[in-house]
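Residue numbers run from 1 in the order of the sequence given. None of the values given here were measured: they were computed from a predicted structure. In each ligand, atom 1 is the first atom listed, and ligand 1 is the first ligand listed.
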Amino acid sequence: MKKADVISTILAERKDLLPRHLSSKAYAPSNIALCKYWGKRDQELNLPVTSSFSISLGSKGATTELSVNSNAHDAAFLNGQPIDWGSSFGKRLLAFLDLFRIKPDLHFTVNIKTNIPIGAGLASSACGFASLIKAFNLLFGWELKNHELSILARLGSGSASRSLWHGFVEWHAGIKTDGMDSYGEAIFDEWSELRLGLLILNEREKPVSSREAMQRTVTTSPLYSAWPAKVNHDLSALKQAINLKDFLLLGKTAESNAMTMHATMLSAWPTVCYFLPETITAMNKIWKLRHEGLMVFFTQDAGPNLKLIFLEKDSETVQANFPDMEVVDPFANGE
Ligand code: PMV
């Protein structure tokens with residue numbers, strides 16, 4: 001099944017609609033997985049092997065302005081800089097725009113503004129593609145439901161399927177080959193005391209993309225076969241933690257999930273290692289603080305940076321220990 005077939009199914013009779021407006025604008029928050037998406041069952045459609053579970057980053061995300069342009073080609077900007085169509089993000093973006101080009105002479109100008117570092121494992125592609133698909137929905141006037149937008153966003157980047165909502169989101173893996181049952185669902189429990197800390201240790205673009213790292217892990221890691229059971233366990237633990245507002249259970253589940261994901265990568269060949277010396281130093285500091293009684297945990301994605309998880313009451317103490325860390329209220333509305 002191709003991406004274009006999925007689009008035909010979702011857009012059905014709307015498929016041939018011309019843009020209803022000349023321009024549109026939409027925001028999507030970034031999201032951080034507390035139980036990771038790691039491994040695809042379908043590479044073309046970004047269908048995951050397992051479900052995953054995230055929390056949004058509130059006012060940290062991307063705003064995309066999309067307009068129809070009268071030139072003979074698309075134009076795209078990321079934080080004001082022209083996007084190189086030859087770069088890996090440029091190629092992915094162009095392929096995504098092509099999916100919605102209902103006639104060959106329809107061209108778009110895309111202006112993506114993010115307030116998080118790009119490509120450093122802070123889910124910039126998640127909020128980028130989610131805000132872009134929301135902008136397409138407005139431009140064409142499709143009036144799609146959020147779960148349909150989630151399916152379309154997934155075609156750009158898997159984790160984008162979780163960036164259509166604020167707060168906690170579960171992305172159901174689904175079992176269908178066309179992925180029509182693989183989309184995000186908002187979990188409406190609020191936990192207003194929860195805080196995330198963005199600890200940027202290195203802003204450079206990651207050496208191995210998450211797409212490549214995932215595939216290498218699935219095909220070569222002897223530990224990968226244990227991953228689906230770990231995810232099942234962690235998904236129910238997270239839901240229980242949220243239900244009972246059990247912060248210890250939430251923190252340890254998220255940290256252990258991230259460490260297990262990295263263990264599968266470390267055992268892949270060639271090894272994928274996103275740890276930098278600064279990452280290990282920060283982890284040790286967190287473990288020491290915890291040993292001393294401060295309830296702070298971390299998670300890490302496909303990059304060297306850490307996201308700390310703690311409660312509002314400990315915000316000042318955690319900040320004092322990590323002065324460069326940016327504290328995010330995940331339930332703040334960033335629209
Ligand atoms: O959506 P992608 O292809 O950028 O993959 C995201 C992978 C992780 O960030 C490591 C995990 C996750 O669930 O977000």
Short N or O distance, Asp301 and ligand 1, threshold 3.5 Å exclusive: yes

Will you find, in the side chains of Thr299 and Lys36, an N or O donor that is under 3.5 Å from an N or O acceptor? yes

Can you confirm, on distance only, whether ligand 1 has an N/O atom lying under 3.5 Å from any N/O atom belonging to Asn31? no

Between Ser159 and ligand 1, which residue portion shows a heavy-atom distance shorter than 4.0 Å: side chain, backbone, both, or neither? both

Basic-acidic side-chain contact under 4.0 Å: Lys245, Asp189: no

Can you list the atoms of ligand 1 that are under 4.0 Å from a heavy atom of Ala302? 10 (C)

What atoms of ligand 1 come within less than 4.0 Å of a heavy atom belonging to Gly158? 1 (O)

Please give me the minimum heavy-atom distance between Tyr37 and Pro48, naming the atom from each residue. CD1-CB, 3.6 Å

Given Glu143, which of Lys134, Arg20, Arg14 fulfils the salt bridge (Lys or Arg N to Asp or Glu O under 4.0 Å) condition? Arg20

Looking only at heavy atoms of Trp171, does any of them come nearer than 4.0 Å to an atom of ligand 1? no

Hey, is Met214 touching ligand 1 through its side chain, its backbone, both or neither, going by heavy atoms under 4.0 Å? side chain

So Phe331 and Phe168, ring pair (Phe, Tyr, Trp, His ring centres under 6.0 Å) or not? Walk me through it. CA-CA 9 Å; Phe331 292 94; Phe168 297 112; 5.6 Å; yes

Enumerated ligand 1 atoms positioned under 4.0 Å from heavy atoms of Trp38: 10 (C)

Looking at ligand 1, would Arg211 count as a contact under a 4.0 Å heavy-atom criterion? no

Does Arg162 approach ligand 1 within less than 4.0 angstrom via side chain, backbone, both or neither, non-hydrogen atoms only? side chain

Would you mind checking if Lys2 and Asp5 are paired as a salt bridge, meaning a charged N to carboxylate O distance below 4.0 Å? no

Parallel, tilted or perpendicular, judged at 30° and 60°: which one describes the rings of His147 and Tyr183? tilted

Under 30°, 30 to 60°, or over 60°: which ring-plane class applies to Phe136 and Phe100, parallel, tilted or perpendicular? tilted

Enumerated ligand 1 atoms positioned under 4.0 Å from heavy atoms of Ser157: 1 (O), 2 (P), 4 (O)

